[in-house]
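Below: the structure, in structure tokens.
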Number of protein chains: 2
Amino acid sequence: MSQKPSIPKGTRDFSPLEMVNRNFIFDTIKSVFQRFGYLPIETPAMENLSTLMGKYGEEGDKLLFKILNSGDFLSNTNADVLNSNELNKIATQICEKGLRYDLTVPFARFVVQHQNDITFPFKRYQIQPVWRADRPQKGRYREFYQCDVDVIGSDSLLNEVELIQILDEVYRALNLNVLVKLNNRKILAGIAEIIGEPDRIIDITIAIDKLDKIGFDKVIEELKEKELSENAINELSKFLKISSTDNYQKLELLTSLLSNSTIGLKGIEEVKTILNYCHQLSTTSEIELDLTLARGLNYYTGAIFEVKSKDVAIGSITGGGRYDDLTGIFGLKDVSGVGISFGADRIYDVMNQLNLFPIQNSATTKLLFANFGAAEEIYALKHLKQIRQNGINAEIYPDTAKIKKQMSYADKKSIPFVAICGEAEMQQNKILLKIMSTGEQQLVDHFELINIIANH
Amino acid sequence: MSQKPSIPKGTRDFSPLEMVNRNFIFDTIKSVFQRFGYLPIETPAMENLSTLMGKYGEEGDKLLFKILNSGDFLSNTNADVLNSNELNKIATQICEKGLRYDLTVPFARFVVQHQNDITFPFKRYQIQPVWRADRPQKGRYREFYQCDVDVIGSDSLLNEVELIQILDEVYRALNLNVLVKLNNRKILAGIAEIIGEPDRIIDITIAIDKLDKIGFDKVIEELKEKELSENAINELSKFLKISSTDNYQKLELLTSLLSNSTIGLKGIEEVKTILNYCHQLSTTSEIELDLTLARGLNYYTGAIFEVKSKDVAIGSITGGGRYDDLTGIFGLKDVSGVGISFGADRIYDVMNQLNLFPIQNSATTKLLFANFGAAEEIYALKHLKQIRQNGINAEIYPDTAKIKKQMSYADKKSIPFVAICGEAEMQQNKILLKIMSTGEQQLVDHFELINIIANH
């Protein structure tokens, strides 16, 4: 009757070691968010499908996990529809709910729904899993965590600066070398205007977003396929070829190329302001103005951010930007927001590859009492109680097993100290402490033991 | 085009204040678990339906949220089945996955699937949401958190003792008065044996589980309906009427009533051992041996636990027990486990009702810098950088709004201190610090400010 157990493809179990390391990332991110005055919210895993559909494009709709209505799920449908093979129609009749696809749309829904209870500017963070019915592949999962931090209800560029400070603090705390890429949608709009194709900004940004991946020639080819005029493409090439590595030099070139675009100059001004603040606040991460950065998404209206690891070749590990009308889709107009999202799974992969996780983690067990029988148990348990009161994670092997087995348990769990208390130690009211890394043994009293472990 | 936003019934959004208070509960529970050497795991929200179906009874199967297969979900089905109106058959053909219903079955699946990578005894905790398509009502949600702690692969009663120590520590840290109820399935089996109905133990335990809710007479009635013999019911009454409030007296009465049942006496012995350890370790929570405690679930084989609040009338806030063959359903035999589950949502309700949440929480913002314009911003930002480096959560109002609006923001966010720095303060390199609770203002330097806030 037994089944061979497995989990759905694209999902993962996390072992204790993986969890301890993942929590190190989450805790670091959380504490930086809190340090800057952001507070957590959580939204349900399930949203109404009407909240989710149409927010992620046609492709996104297909990637939503839909939840079968409970009870008689066929009650809203009929044989004609069922036999029609119109999958979308059937799906929306038998499913009212879906799993959240990102944290941005639920956040917009939250803000609109609770607008009367929220103090604006609203600074919130949200760390929860999201689900996408993507084809699973290396580094791409169907369940993964997003760590979003946003401020909504303030136009000030100080918010953009603060997000860069947050990036900077997080990656310094995680000991990762990163490159922060910065762009501004207004500059992209200015470019579209100047080359005489103001209505084609989306096609243009999607194409130049691919510059990194497919190269200059292919991007030009793609723009030709999209029937951009030859003149526009020639003009656009001037921008794509800006190659200075100095942000201020780039801005100077842009200023001359965009001198006839009000919106373009506004974008340049914003980038300058942000860079100046970062300079004055001595943020340490390298910041690069990257005109090819568009992040595919169409809702950004100002700053666009992306962070890449300098040491591991992997996609972006953080991204975000300013969006002026996210809540509009739910009926709340004219509320501007800006935010970034940390990709915890990719950060984990980078740190794992670079071996950056701390070995001694406050979450793991520091001390194991070996178990030699009933009398010794009580002796050990009483010591343990006080040791734990001193903030030390400690346990007793629950069975009177062979000492070799108990030592092997400590070893596999990477417990650095084992306390051995037999009759001799009990008579002297002492503990024989074994240091697992060296094999060294020391006869100590209760306070010496706590000191040794606390200072380890 | 706008939609009025809402969320699925039975689910909830959590505001920053609710989250801060909920996290206080989660963090307390987590740190106690870790103190006793338990490490976290996580499993996916989605499990294969084959893993979940049949594990929670017929009723449970109905309460599973099923996830529509992505892509052509009709490909495994045909018109005959679709038109048959056999909901279960259709559902299993169009859905392969379901949302997890509890943490116990996924844990059993995890242990079997990863048995070669696990060091036994395996001490794990797991804090994740679960989903049930229950009819929503006050205090019952379709998405809620469970906080499970289990040790698997050890028969020792030290594990039971440890779980009581954990209960004790958690509820002391949360400042809740609780009653710990303890029973043992072997005693219940002994009773069924002694009254001559050894095969009816499930009917008997289900009935006496209801003693609290429906009273003695109705339980007897129910047992008659289930065609338990009159003699058996008379014998059973002797047990149901044991009314001593002293655990050891109860055990003595039981010992005489169960003197002919080996399994019954074994159960008594186990309870005695557990109580003796708790006594020697001076656990502070009141423990009551409660023969009516069965917790409906059929997989418990030894100790059964339940915790109730002494101050708020609400169902159990923690429950659990020993199960000798949980992993058997997935093909791994003879692995005994014991565990308990904390109901975070009910604990929240109890603490909320008793007003037990700490007002000053380390997660919230301690200091707001008012914003008076560009020059003041830089002054404030530089101070903020150092203040945060001292571990203080602090922020600046991002816009140059009216001071009244900025103060109201601090007020609504319960920020205890506001820093006011205009030209005068900047010239003296000082900060005017306003204490929001008293309205008092103080001109301080950077270090005084940090001292005042750190010692608040």
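Below, chain A is the first sequence line, B the second, and so on; all start at residue 1.
- For B/K382, the parts sitting under 4.5 Å from any heavy atom of chain A are the backbone and the side chain alike.
- Contacts of B/D72 with chain A are made by both backbone and side-chain atoms, with heavy-atom separations under 4.5 Å.
- Listed for the B/K30 side chain is no donor-acceptor partner under 3.5 Å among the backbone atoms of A/A363.
- When heavy atoms are compared at a cutoff of 4.5 Å, B/I94 approaches chain A solely by way of its side chain, counted from C-beta outward.
- Heavy atoms of B/N371 lying under 4.5 Å from chain A belong exclusively to its side chain.
- B/I41 touches chain A through backbone and side chain together, each having a heavy atom under 4.5 Å away.
- Without hydrogens or angle criteria, B/R12 side chain to A/P44 main chain gives no donor-acceptor distance under 3.5 Å.
- When each of B/E377, B/R124, B/K385 is scored by its heavy-atom pairs under 4.5 Å with chain A, the top score falls to B/E377.
- Judged by distance alone, with hydrogens and angles left aside, the side-chain atoms of A/N159 form no donor-acceptor pair with the main-chain N or O of B/P398 at under 3.5 Å.
- Both the backbone and the side chain of B/A45 come within contact range of chain A, judged by heavy atoms closer than 4.5 Å.
- Proximity to chain A (any heavy atom under 4.5 Å) is shown, for B/A108, by neither the backbone nor the side chain.
- The structure places CD of A/E42 at 11.0 Å from CD of B/E18, a figure rounded to the nearest 0.5 Å.
- Proximity to chain A (any heavy atom under 4.5 Å) is restricted, for B/S70, to the side chain, taken from C-beta onward.
- Of the two parts of A/F122, only the side chain, counted from C-beta on, holds a non-hydrogen atom closer than 4.5 Å to a non-hydrogen atom of chain B.
- Both the backbone and the side chain of B/E47 come within less than 4.5 Å of a heavy atom in chain A.
- The distance from atom CD1 of A/I67 to atom CG of B/L68, rounded to the nearest 0.5 Å, is 10.5 Å.
- Looking only at heavy-atom pairs under 4.5 Å with chain A, the residue among B/Q280, B/E169, B/K97, B/K405 that has the most is B/Q280.
- Contacts with chain A were tallied for B/A133, B/P16, B/A401, B/G98; B/P16 has the most, counting heavy-atom pairs under 4.5 Å.
- Side-chain contact, B/D117 with A/S15: no donor N or O sits under 3.5 Å from an acceptor N or O.
- Heavy atoms of B/K66 lying under 4.5 Å from chain A belong to its backbone as well as its side chain.
- Heavy-atom pairs under 4.5 Å with chain A peak, among B/L17, B/I378, B/N69, at B/I378.
- Looking at B/R109, both its backbone and its side chain come within 4.5 Å of chain A, counting heavy atoms on both sides.
- When heavy atoms are compared at a cutoff of 4.5 Å, B/T400 does not approach chain A at all.
- Proximity to chain A (any heavy atom under 4.5 Å) is shown, for B/I387, by neither the backbone nor the side chain.
- No side-chain donor-acceptor contact under 3.5 Å links A/S156 and B/D399.
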